[in-house]
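Submitted below is the structure of interest, expressed as structure tokens.
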Amino acid sequence: MARIFCVANQKGGVGKTTTCVNLAAALVARKQRVLLIDLDPQGNATGGSGIDKRTLTRSVYHLLVGLADLAAVRVSSPTGKYDVLPANRDLAGAEVEMVGIEAREHRLKVALASVREDYDFVLIDCPPSLSLLTLNGLCAADGVIIPMQCEYYALEGLSDLVNTIKKVHANLNRDLKIIGLLRVMFDPRMTLQQQVSAQLESHFGDKVFKAVVPRNVRLAEAPSHGMPGVVYDRTAKGAVAYLDFAKEMIKRVQTL
């Protein structure tokens with residue numbers, strides 16, 4: 001049965017989508033069955049998976065508001081070889097339309113119940129805010145993967161996110177837990193980043209993944225080609241880091 005993980009951080013620009021797309025592709029490379037859910041109206045995970053969000057006739061929006069079932073929305077990434085519930089700008093209107101729906105926080109969880117046996121991993125790319133979309137992701141998930149930069153402001157944002165996860169755990173999803181923190185865009189030449197990294201390890205212990213994703217031009221180039229960095233250049237340092245991260249995730253799931 002699939003393990004469902006949100007990739008979340010309330011701070012923008014910290015590599016959530018890059019992590020989602022590359023972890024999905026890296027897990028596929030390690031023989032795992034993966035579904036990627038794009039819950040961000042910007043649809044970057046959709047585009048980064050090689051799917052043209054402008055031509056979608058069905059998206060995760062239609063799933064959440066009850067206009068389509070999961071089978072009608074699901075598409076296959078031509079470049080990453082995983083399945084995707086894609087998103088586009090339509091999704092921005094979903095929150096307004098879901099206000100009057102009963103148990104609106106659990107729409108995604110209910111929809112995923114029928115396909116949990118089809119996958120080993122379900123990854124949810126959340127928008128950078130605590131919205132009803134993010135709440136749907138957190139209510140559907142078994143755990144949260146937090147990508148973060150080793151910078152001072154990132155530590156402040158992390159505190160807010162941890163508090164949010166605690167509230168969701170207490171009130172809406174008793175299964176929700178922090179799976180781990182992934183250090184991304186890491187530059188070992190910067191003393192501050194080394195200090196923040198050490199602080200994270202000291203405070204969170206084994207919740208900090210051993211894999212560290214460095215700043216990498218090839219990872220940044222990959223989305224413009226509609227493919228994960230792991231596929232675009234498998235030998236790049238960033239791609240190797242995500243392949244290592246996928247291996248670590250598979251091991252961690254076995255101990256949950």
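Just so you know, these numbers use all the heavy atoms, side chains as well, and skip hydrogens, waters and symmetry mates. If you read the sequence from its start, that first residue is 1, and numbering goes on from there.
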Given the rule in the side-chain hydrogen bond (donor to acceptor under 3.5 Å, both in side chains) test, do Tyr82 and Ser76 qualify, once you have shown the distances and angles that lead to the verdict?
-> CA-CA 6 Å; Tyr82 47 81; Ser76 180; over 6 Å; no
Of all heavy-atom pairs between Val253 and Phe121, which one has the smallest distance, and what is that distance?
-> CG2-CE2, 3.5 Å
With sequence neighbours excluded, give me every salt bridge (Lys or Arg N to Asp or Glu O under 4.0 Å) pair touching residues 34-56.
-> Asp52-Arg54
With sequence neighbours excluded, give me every salt bridge (Lys or Arg N to Asp or Glu O under 4.0 Å) pair touching residues 244-256.
-> Glu248-Arg252
The salt bridge (Lys or Arg N to Asp or Glu O under 4.0 Å) partners of Glu221 (sequence neighbours excluded) come to Arg218
Besides Tyr232, the hydrophobic cluster formed by Ile, Leu, Val, Met, Phe, Trp and Tyr side chains linked at under 4.5 Å, directly or via other members, contains Met227, Val231
Across all chains, not counting sequence neighbours, the salt bridge (Lys or Arg N to Asp or Glu O under 4.0 Å) partners of Arg116 are Asp142
Using the test ring pair (Phe, Tyr, Trp, His ring centres under 6.0 Å), find all partners of His203 that sit at least two apart in sequence or belong to another chain.
-> none
For Phe209, ring pair (Phe, Tyr, Trp, His ring centres under 6.0 Å) partners two or more places apart | Phe245
Is Met249 linked to Val240 within one hydrophobic cluster, defined over Ile, Leu, Val, Met, Phe, Trp and Tyr using a side-chain heavy-atom separation of less than 4.5 Å?
-> no
For residues 175-196, which residue pairs qualify under salt bridge (Lys or Arg N to Asp or Glu O under 4.0 Å), counting only residues two or more places apart or in two chains?
-> Arg183-Glu201, Asp187-Arg189
Can you pull the salt bridge (Lys or Arg N to Asp or Glu O under 4.0 Å) pairs that have at least one residue in residues 90-109, sequence neighbours excluded?
-> none
For Pro214, the side-chain contact (heavy atoms from CB on, under 4.5 Å) test, sequence neighbours excluded, returns Lys237, Ala241
Would you please say whether a donor-acceptor pair under 3.5 Å links the side chains of Tyr61 and Asn88?
-> no
Would you check if there is a donor-acceptor pair between the side chains of Gln10 and Ser129 at a distance under 3.5 Å?
-> no
Is there a side-chain contact between Leu182 and Val212, using heavy atoms and a 4.5 Å cut-off?
-> no
Arg33 meets the salt bridge (Lys or Arg N to Asp or Glu O under 4.0 Å) criterion, sequence neighbours left out, with Asp120
By salt bridge (Lys or Arg N to Asp or Glu O under 4.0 Å) - contacts of Arg174 (at least two apart) | none
